[in-house]
Every structure is written in structure tokens, then in C-alpha cells.
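Reading through the C-alpha cells given below for one structure.
What you see below is based on every heavy atom in this structure, not just the backbone, and it leaves out hydrogens, waters and symmetry mates. Below, chain A is the first sequence line, B the second, and so on; all start at residue 1.
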Protein chains: 4
Amino acid sequence: MTEKTPAKEEGQYRSDNRRQELMAAAAHLFNQRGYDATSMRDIAREAGMLAGSMYYHFPSKDDLIIATYEEGRRLISNSVLVATEGVSDPWERLTLAAVAHMNTLFGGNNFSILLCADISRTSPTLRSRLIEIRDSYDNLFMDLIDDLPLPESVDKGLLRLSLLGSLNWSSSWYRPGGQSPAQIGEFFVRILKEKLV
Amino acid sequence: MTEKTPAKEEGQYRSDNRRQELMAAAAHLFNQRGYDATSMRDIAREAGMLAGSMYYHFPSKDDLIIATYEEGRRLISNSVLVATEGVSDPWERLTLAAVAHMNTLFGGNNFSILLCADISRTSPTLRSRLIEIRDSYDNLFMDLIDDLPLPESVDKGLLRLSLLGSLNWSSSWYRPGGQSPAQIGEFFVRILKEKLV
Amino acid sequence: MTEKTPAKEEGQYRSDNRRQELMAAAAHLFNQRGYDATSMRDIAREAGMLAGSMYYHFPSKDDLIIATYEEGRRLISNSVLVATEGVSDPWERLTLAAVAHMNTLFGGNNFSILLCADISRTSPTLRSRLIEIRDSYDNLFMDLIDDLPLPESVDKGLLRLSLLGSLNWSSSWYRPGGQSPAQIGEFFVRILKEKLV
Amino acid sequence: MTEKTPAKEEGQYRSDNRRQELMAAAAHLFNQRGYDATSMRDIAREAGMLAGSMYYHFPSKDDLIIATYEEGRRLISNSVLVATEGVSDPWERLTLAAVAHMNTLFGGNNFSILLCADISRTSPTLRSRLIEIRDSYDNLFMDLIDDLPLPESVDKGLLRLSLLGSLNWSSSWYRPGGQSPAQIGEFFVRILKEKLV
DNA sequence: CATGAATGAGTTTTCATTCAT
DNA sequence: GATGAATGAAAACTCATTCAT
């Protein structure tokens with residue numbers, strides 16, 4: 001796992017410290033209130049800094065949004081890849097991926113759940129960048145579903161969208177206390193695999 | 001059907017004309033740009049009126065948001081009720097409901113799709129009101145799923161959330177041209193009903 | 001003279017009152033400190049209003065700049081046209097124009113002298129608009145100089161630029177007390193007309 | 001000529017290299033965008049340095065402005081002095097001075113043309129310093145015009161202001177391609193000397 | 001000599017809302 | 001019912017400057 005190492009190989013961190021704190025503060029607030037309702041001042045305050053100081057680290061709010069989103073993608077991609085590594089049964093792979101997806105979403109990192117947020121209403125330039133990032137994650141599921149042994153009559157594209165919808169919509173209703181994220185992920189795959197009727 | 005009558009029974013409309021135009025303009029813009037990015041001035045302009053004039057019809061922006069949201073719920077609830085009326089087979093009822101749901105979402109009315117929007121990031125007071133409204137719609141699906149003949153091992157609550165997730169997530173990817181909304185709705189129910197593996 | 005009438009014929013005034021006060025305040029401060037160093041807050045304060053309120057009358061600072069500049073052009077154009085009206089001797093016409101130019105520049109209206117300011121360092125879009133306006137005034141002098149009976153060896157374009165330079169540069173050194181603006185204007189034309197050596 | 005020597009006699013340069021690069025970068029940007037619109041960061045970037053580093057060489061932006069302005073005065077003063085050295089006919093001396101003035105303004109050095117910029121709109125302290133510098137240059141023309149054999153009726157002060165206005169105003173309209181700077185300078189003196197009417 | 005990081009006051013602009021007419 | 005005009009708080013962002021290292 002590389003996400004705890006200095007990550008020099010991605011060349012995207014400068015003097016990691018404050019930048020990471022800023023991103024953590026931003027992700028936290030973006031999740032609580034959304035992009036629009038979170039001001040640069042709010043983020044600065046949460047990171048113990050003045051608003052103007054942030055602009056040394058991120059040239060604009062959009063850049064900060066993109067950075068947190070990309071960090072979210074990096075973390076969840078990693079989780080899914082690690083979880084499915086070395087497993088060959090396609091349904092088991094999909095189950096493990098769904099479980100890793102849910103565990104990452106609700107496992108304490110504030111970044112990945114940003115990928116479930118509504119981005120259809122941000123500025124066109126920002127939106128297209130975020131969509132790119134999200135698509136690069138969705139592709140992992142495309143591959144997992146492609147490997148499934150399914151009757152020809154099943155549209156694999158729609159199947160993927162159905163599963164991702166089930167999984168991501170959880171961000172709008174999940175609260176700790178009931179079933180665990182892992183159980184929920186496992187269930188959403190099981191009802192596709194098993195005969196219900 | 002009640003949606004064309006003056007709706008006196010809800011006691012909340014004054015001199016319907018301008019009010020309805022305002023709501024239509026608002027719903028249109030809310031869908032395009034989201035709540036935050038839509039200003040009262042934008043809405044007023046689209047309705048051929050000045051910003052100040054709106055406050056005769058709606059005491060605040062939140063009230064306008066709630067009104068459009070509630071109108072969306074009213075329309076989609078109606079569609080689902082009408083579609084399932086008189087049908088008794090539980091799987092068929094669920095399929096018809098999903099189809100009606102999708103047809104209403106993408107069938108030209110700008111209100112219902114607002115129910116798929118991310119409200120987890122609005123002010124707490126507004127949010128709790130919107131959640132109430134959405135829940136009162138989700139209950140329809142609760143009933144439909146309760147009627148399904150399912151093994152005890154299947155958690156009906158999660159099943160409902162899975163289906164609603166699949167259906168509502170479509171608002172983030174659906175574009176006209178591929179499968180029709182009705183086909184998509186039918187498919188999402190079918191993969192629950194049929195054995196895939 | 002039309003500049004004191006409601007000016008309906010130019011169609012550019014709304015409810016003249018506050019708009020004119022705003023323009024007067026702006027012109028005053030633009031002259032004292034320049035465009036950049038004058039903030040919208042400064043202008044608002046001088047007009048007895050809050051910064052945000054100005055945006056009802058002018059959509060942006062650039063628009064306000066353009067409006068004051070255009071008002072300056074209107075006033076000085078009028079002065080020159082009125083002064084030369086009915087006079088036919090070309091040198092006398094030029095003298096009267098120079099005198100009117102100087103009298104308008106230093107005669108209490110804060111608008112016209114803006115045309116002497118350095119605009120080579122504003123944003124390209126703003127600059128090109130201001131240049132258009134200034135050129136439309138300079139054309140008056142083009143005509144006056146064209147009518148002069150001069151030897152072929154004299155470049156009329158350069159002659160115009162020389163005179164306008166002499167006149168406009170006065171905005172950087174003129175202080176009341178010495179020669180009057182009218183005397184200065186008359187002198188600058190006389191040294192072109194008379195043999196000095 | 002002293003401009004190539006280390007200039008110890010002015011006692012104001014430290015380790016000339018970086019200082020000169022900084023001044024060149026500043027002069028370049030001041031001409032393109034003006035003082036206000038040029039930030040210390042812009043200048044630093046153009047000189048390949050970070051903003052903070054400049055403060056070793058110049059204690060403030062105003063000091064940097066003054067230094068470039070003074071350098072512009074030094075260069076153009078030199079040109080005029082060299083051009084008129086050894087010539088005794090007063091009108092020829094004035095002509096040569098005007099030609100040298102124009103050649104220096106548009107001859108590639110970015111400093112001297114700063115003297116033509118609008119300084120009537122900078123902070124009072126800065127302004128008074130810049131005026132001092134400019135006046136010390138204008139005095140050269142005062143002397144040249146004093147030597148002219150003119151009728152008593154001609155106000156020599158105004159004559160100087162007229163000529164300097166014609167010359168300096170060129171900074172607002174001159175573009176390479178038409179008459180050369182030298183031809184323009186010669187023309188502006190000729191129309192004073194010769195009878196036009 | 002230079003850098004990285006921060007400061008704090010400032011900028012233009014936007015916006016929900018109010019209210020006299 | 002609607003308008004014109006204003007309010008005041010907040011937004012994103014900029015910038016000259018400072019200073020420890």
C-alpha cells in the first residue's frame with residue numbers, strides 16, 4: 001500500500017504538511033455543507049490559518065475541490081485494487097470490491113465520499129474535470145462486471161450503473177448503527193447474484 | 001387526478017397564476033444550476049418579474065425551494081399511484097412503479113427530478129423539511145416491497161434502498177438516446193427478480 | 001445647448017438622480033486618485049450610499065468608468081461645437097476650439113479632464129472602448145486642422161497630435177493662478193500660426 | 001559618461017547585478033500595465049525570483065518605482081546632453097534635443113518612457129518625489145528655450161510646456177511604422193520655428 | 001541572498017431581503 | 001401585485017509586506 005508513504009511518485013505534493021491539513025479541513029466541510037456553502041474562510045479557520053494564506057497552497061477554490069476529489073479517488077481506487085488482488089472468481093471479486101467501496105466510504109476518510117456528491121451543478125469547467133476523475137474510478141467496476149458470466153440478455157452497462165447507484169446512494173441515507181457498510185455492500189451484490197423470486 | 005384542480009384542499013395557494021409560473025421558472029433553474037447557484041433574481045427574470053415582486057408570493061427562497069420540491073413529490077406520487085392502481089401481482093406492481101418513476105423523472109416535468117438532488121448539503125432546517133417530503137414518497141416503495149414474496153433472509157429495507165439508489169442515481173448519468181427511461185426502470189426490477197448467476 | 005436638458009434623446013439615463021450623483025462622485029475621485037486607486041467603496045461613500053447599492057445603477061466598475069468618460073466626451077464635444085458654430089475663418093475656428101477645450105477641462109466639470117488621463121494601462125477591453133470614445137472627440141480637431149490653409153510640406157496628422165499633446169499635457173501641470181486656461185489655449189495655437197524665429 | 005561605471009558616486013547600489021535585473025523587469029511591466037496593475041510577484045517572476053527576495057534589494061514597491069523612474073531620467077538626460085554638446089546655434093540645439101528625447105523614448109530602453117506616464121494619480125508622497133525627478137529633467141529644456149532669440153511677447157515657460165506636451169503625448173499614440181521618432185521630434189520643433197500661416 | 005509560508009487589509013462583486021410608493 | 005432602490009453581509013481572491021530559516 002502506498003497511500004501512507006510520501007508519495008513522491010505522484011509528484012503532486014509540495015511540502016505536504018499544511019497542504020494536507022488544508023485538504024483534510026476542506027474535505028470535512030465539503031461533506032458537511034457542500035461546495036457552495038463552504039467558504040474559503042471556513043476552511044482556513046478549520047485549518048488554523050487565514051483565508052488569504054490558503055492561496056499560497058491552492059490557486060483557487062476549484063483547485064482545492066479538484067485536489068480533494070482526486071485524493072478521494074486515489075484512496076478508494078487503492079482500496080478496491082488491494083481488496084481484489086489475487087482473487088480470481090468474478091462474483092467474489094465483485095463482492096470484495098463492493099465491500100471495500102463501502103468500507104472506504106464510511107471508514108473515516110472524508111475524501112472518498114465526495115465522489116458520491118452531486119456534481120451536476122458545478123461550473124462546466126470544474127464539472128468536466130470531476131467527471132473525468134470519477135470515470136477513471138468507475139472503470140474499475142466496468143472491468144469487474146465485464147468478467148461476470150452473464151446471459152447475453154443482460155446489459156452489462158446498465159448492470160454496473162444499477163450497482164453503483166445502489167452503493168453510492170447510500171451516502172444519502174447511511175448512518176452508523178444498523179448493518180455495517182461491509183454487510184450492505186455484500187448484500188447489494190448478493191441480490192444481483194441470487195434468485196429472489 | 002387532482003393535479004389540474006385548484007388544489008384548495010392543500011390551502012396553500014393564493015392566486016395560482018404567477019405563483020405557478022414562478023415555481024416553474026424556479027424548478028427549471030434549480031435543475032440546471034442547483035439551489036445555491038440560482039439566485040432569486042435569476043428566477044424572477046425567467047418569470048418576467050423583478051426580484052422584489054417574488055416576495056409577495058413566497059416569503060423566502062427556502063419556501064420556494066420547499067414548494068417546488070413538494071410539487072415534485074406530488075407529481076411523482078400521483079404517477080406511481082395511477083400506474084399501480086388495480087394491479088395485484090406484487091412484482092408487476094413494482095415494475096410498473098419503477099417505470100412510472102423513471103417516466104416522470106425524465107418526462108418533461110422539471111419538478112420531480114429535484115427529489116433526486118443532493119440535499120444532504122443544505123441548511124439543517126431546510127434539509128429536515130425536504131427529507132420529510134422525500135420520505136413520504138419513499139414510503140410508497142416501502143409498501144410495494146413489503147408485498148413481495150421474499151425469503152426471510154432478505155432485508156426488505158435494504159432492498160428498497162438498493163432499488164431507489166439504482167433508480168435515482170440515473171439522474172446523474174441518464175441522457176436521452178440509449179435505452180428509454182421505461183426500459184431502464186423495468187431492467188432494474190428484473191435483475192432483482194431473475195437469477196443472474 | 002442641450003447638456004442641461006433631461007437628455008431623453010440619448011436614451012442613456014434611467015432615473016437620473018442617483019445615477020448622476022454616482023457619476024459625479026466617481027469622476028471626482030477618478031481625477032484625484034486614478035481609476036485603480038479609487039475603490040467602489042470610496043465612490044459609494046462619497047455619494048452617500050453603500051458599495052453594493054451602486055450595482056443597481058452600474059453593473060460593474062468598468063461600466064461606471066465608461067459612463068464618466070463618455071460624459072466627459074459629450075461635454076467637451078458640445079463646448080467645442082458651440083464655440084466654433086457660425087465662425088468661418090479656419091485659424092479663428094481652431095483658436096476658439098482650443099480655448100473651449102481648455103475652458104472645459106479646467107472649468108469645474110470633473111468629467112472632461114478624464115479624457116486626458118493615461119488609459120494605456122487599463123484592461124484591453126476597457127481600453128479599446130475608451131479609445132473609441134476619445135477618437136470620436138479627436139476627430140473634431142482632425143476636421144478643424146484639415147481646413148487650415150497650409151503648405152503641402154506640413155503633415156496635418158502630426159500637427160494635430162502636436163496641438164492635442166500641448167493642450168492635454170496641461171492636465172499634468174496646470175494650476176489656477178497664472179495664465180487662464182483660455183489664454184493658454186490661445187497661445188498654443190498662436191505659436192503654430194505665427195513666425196517665431 | 002558615467003552610466004556604465006559602477007556608479008559608486010551615487011552610493012545607492014549594492015551588488016548591482018540582481019538589482020539591475022529587477023529594475024529592468026519592473027520597468028518593462030510598469031510600461032505594459034502601469035504601476036498599480038503590476039504586482040511585486042509579477043516583477044519577481046519576470047526576474048526569476050520570489051516576491052520576498054526582492055525586499056533585500058528594495059525596501060518597498062515605491063522605492064522600486066522611484067529607482068526605475070530615476071534611471072529613466074538619468075538615461076534621457078544623458079542622451080540630451082550628449083546630443084547638444086558642442087553645438088551652439090540655439091534652434092539647432094533644441095532640435096537635436098527633441099530628436100534625442102524621442103529616440104531615447106522609443107529606442108528600446110524601457111526606463112525613460114516612464115517619465116511620460118501619468119503620475120498625477122499616485123500617492124502624494126510618491127508623487128512629489130517623482131515630480132522632483134521629472135522637473136530636474138525638464139530644466140534642461142528650460143535652459144535650451146531660454147537661449148532662443150524670441151520676441152518679448154512669447155512666454156518662454158508656456159513655450160516649453162507646449163513642446164514637452166507635444167513630445168511626451170507621443171507616448172500615447174506612437175507606433176513604429178510611420179514617421180521615425182527622430183522625424184517627429186524634428187517636426188515638432190520646426191512648426192514652432194517656421195511661419196505656418 | 002533567497003525561499004517558503006504566512007498575514008491582514010483590501011478589492012470587486014453577489015445576493016437574499018426589505019419597503020415606500 | 002409589482003417596482004425601484006437600497007441594505008448589509010458575505011463571497012473569492014489579491015497584494016504589499018514580513019520573517020524565520
Side-chain angles (χ1 to χ4, degrees), chain A residues 14-15 17-19 22 35-44 47-65, chain B residues 14-15 17-19 22 35-44 47-65, chain C residues 14-15 17-19 22 35-44 47-65, chain D residues 14-15 17-19 22 35-44 47-65:
Chain A
R14 272 189 263 185
S15 83
N17 266 23
R18 306 300 267 140
R19 195 184 151 96
L22 235 21
Y35 294 130
D36 281 333
T38 301
S39 76
M40 292 298 264
R41 258 204 242 312
D42 293 337
I43 299 168
M49 185 184 281
L50 291 185
S53 312
M54 267 189 302
Y55 287 81
Y56 178 79
H57 302 280
F58 295 94
S60 75
K61 189 181 185 181
D62 277 7
D63 282 284
L64 180 49
I65 291 175
Chain B
R14 276 189 253 188
S15 87
N17 259 23
R18 306 299 270 141
R19 195 183 150 95
L22 237 20
Y35 294 130
D36 283 327
T38 301
S39 76
M40 293 296 266
R41 258 175 189 66
D42 292 337
I43 299 168
M49 177 184 291
L50 290 187
S53 313
M54 270 190 298
Y55 285 79
Y56 176 81
H57 303 281
F58 295 93
S60 76
K61 189 181 183 182
D62 277 7
D63 283 283
L64 180 48
I65 291 176
Chain C
R14 272 188 263 185
S15 84
N17 266 23
R18 305 301 268 140
R19 195 184 150 95
L22 235 21
Y35 294 129
D36 281 332
T38 301
S39 77
M40 292 297 264
R41 258 201 243 313
D42 293 335
I43 299 168
M49 184 183 281
L50 290 184
S53 312
M54 269 188 301
Y55 286 80
Y56 179 79
H57 302 280
F58 294 93
S60 74
K61 189 181 184 180
D62 277 6
D63 282 283
L64 180 48
I65 291 176
Chain D
R14 276 188 254 187
S15 87
N17 258 24
R18 306 299 270 141
R19 196 184 150 95
L22 237 20
Y35 295 130
D36 283 329
T38 301
S39 76
M40 292 296 266
R41 258 176 190 64
D42 291 337
I43 300 168
M49 174 184 294
L50 290 188
S53 314
M54 270 189 298
Y55 285 79
Y56 176 81
H57 303 281
F58 295 94
S60 77
K61 189 181 183 181
D62 277 6
D63 283 284
L64 180 49
I65 291 176

>> Please compare B/Ala51 and A/Met54 by the position of their nearest nucleotide in DNA chain E and report the one closer to 5'.
In response: A/Met54
> Between atom CG in B/Leu50 and atom C1' in E/dC15, what is the gap in whole Å?
Replying inline: 15 Å
> Rounded to the Å, how far apart are D/Met49 CE and E/dT3 C1'?
Replying inline: 11 Å
> How many Å lie between CG on D/Asp36 and P on F/dT14, as a whole number?
Replying inline: 16 Å
Please tabulate, one pair per line, each protein N/O and nucleotide N/O from nucleotides 19-21 of chain F that are separated by under 3.5 Å, including the distance.
none

> What's the CD1-P distance between D/Ile43 and F/dT14, to the nearest Å?
Replying inline: 17 Å
>> Tell me the interatomic distance from C/Asp62, atom CG, to E/dT11, atom C1', rounded to whole angstroms.
In response: 14 Å
> Looking at B/Tyr56, does any N or O in its side chain come under 4.0 Å of the phosphate oxygens OP1/OP2 on F/dA2?
Replying inline: no
> Among F/dC15, E/dT18, F/dC13, which is the nearest nucleotide to the side chain of D/Ser39?
Replying inline: F/dC15
> What distance do D/Arg18 atom CZ and D/His57 atom NE2 have between them, rounded to the nearest 0.5 Å?
Replying inline: 6.5 Å
> Which atom pair, heavy atoms only, marks the closest approach of C/Leu22 to C/Ala47?
Replying inline: CD1-CB, 3.5 Å
>> Rounded to whole Å, please give me the gap between CE in C/Met40 and P in E/dT12.
In response: 7 Å
> Would you say a side-chain N or O of D/Arg18 is under 4.0 Å from OP1 or OP2 of E/dC1?
Replying inline: no
> F/dT14 pairs with which nucleotide, Watson-Crick or G-U wobble, both distances below 3.5 Å?
Replying inline: E/dA9
>> Looking at every non-hydrogen atom in both residues, tell me the closest pair between C/Tyr35 and C/Lys61 and how far apart they are.
In response: O-NZ, 2.9 Å
> If every non-hydrogen atom of D/Met40 is compared with every non-hydrogen atom of D/Ser60, which pair is closest and at what distance?
Replying inline: CE-C, 4.3 Å
>> Nearest to the side chain of A/Lys61, heavy atoms from C-beta on, is which of E/dT13, F/dA12, E/dT17?
In response: F/dA12
>> Quick check on E/dA6: is either OP1 or OP2 less than 4.0 Å from any side-chain nitrogen or oxygen of A/His57?
In response: yes
> Atom CG of D/Leu22 and atom C1' of E/dC1: how far apart are they, to the nearest Å?
Replying inline: 12 Å
> For the pair made of CZ in D/Arg41 and P in E/dG4, what is the distance, rounded to whole Å?
Replying inline: 12 Å
> Knowing that exactly one of B/Ile65, B/Leu64, B/Ile43 qualifies, which makes a side-chain contact (heavy atoms from CB on, under 4.5 Å) with B/Thr38?
Replying inline: B/Ile43
> Given that both distances must come in under 3.5 Å, which nucleotide forms a Watson-Crick or G-U wobble pair with E/dT21?
Replying inline: F/dA2
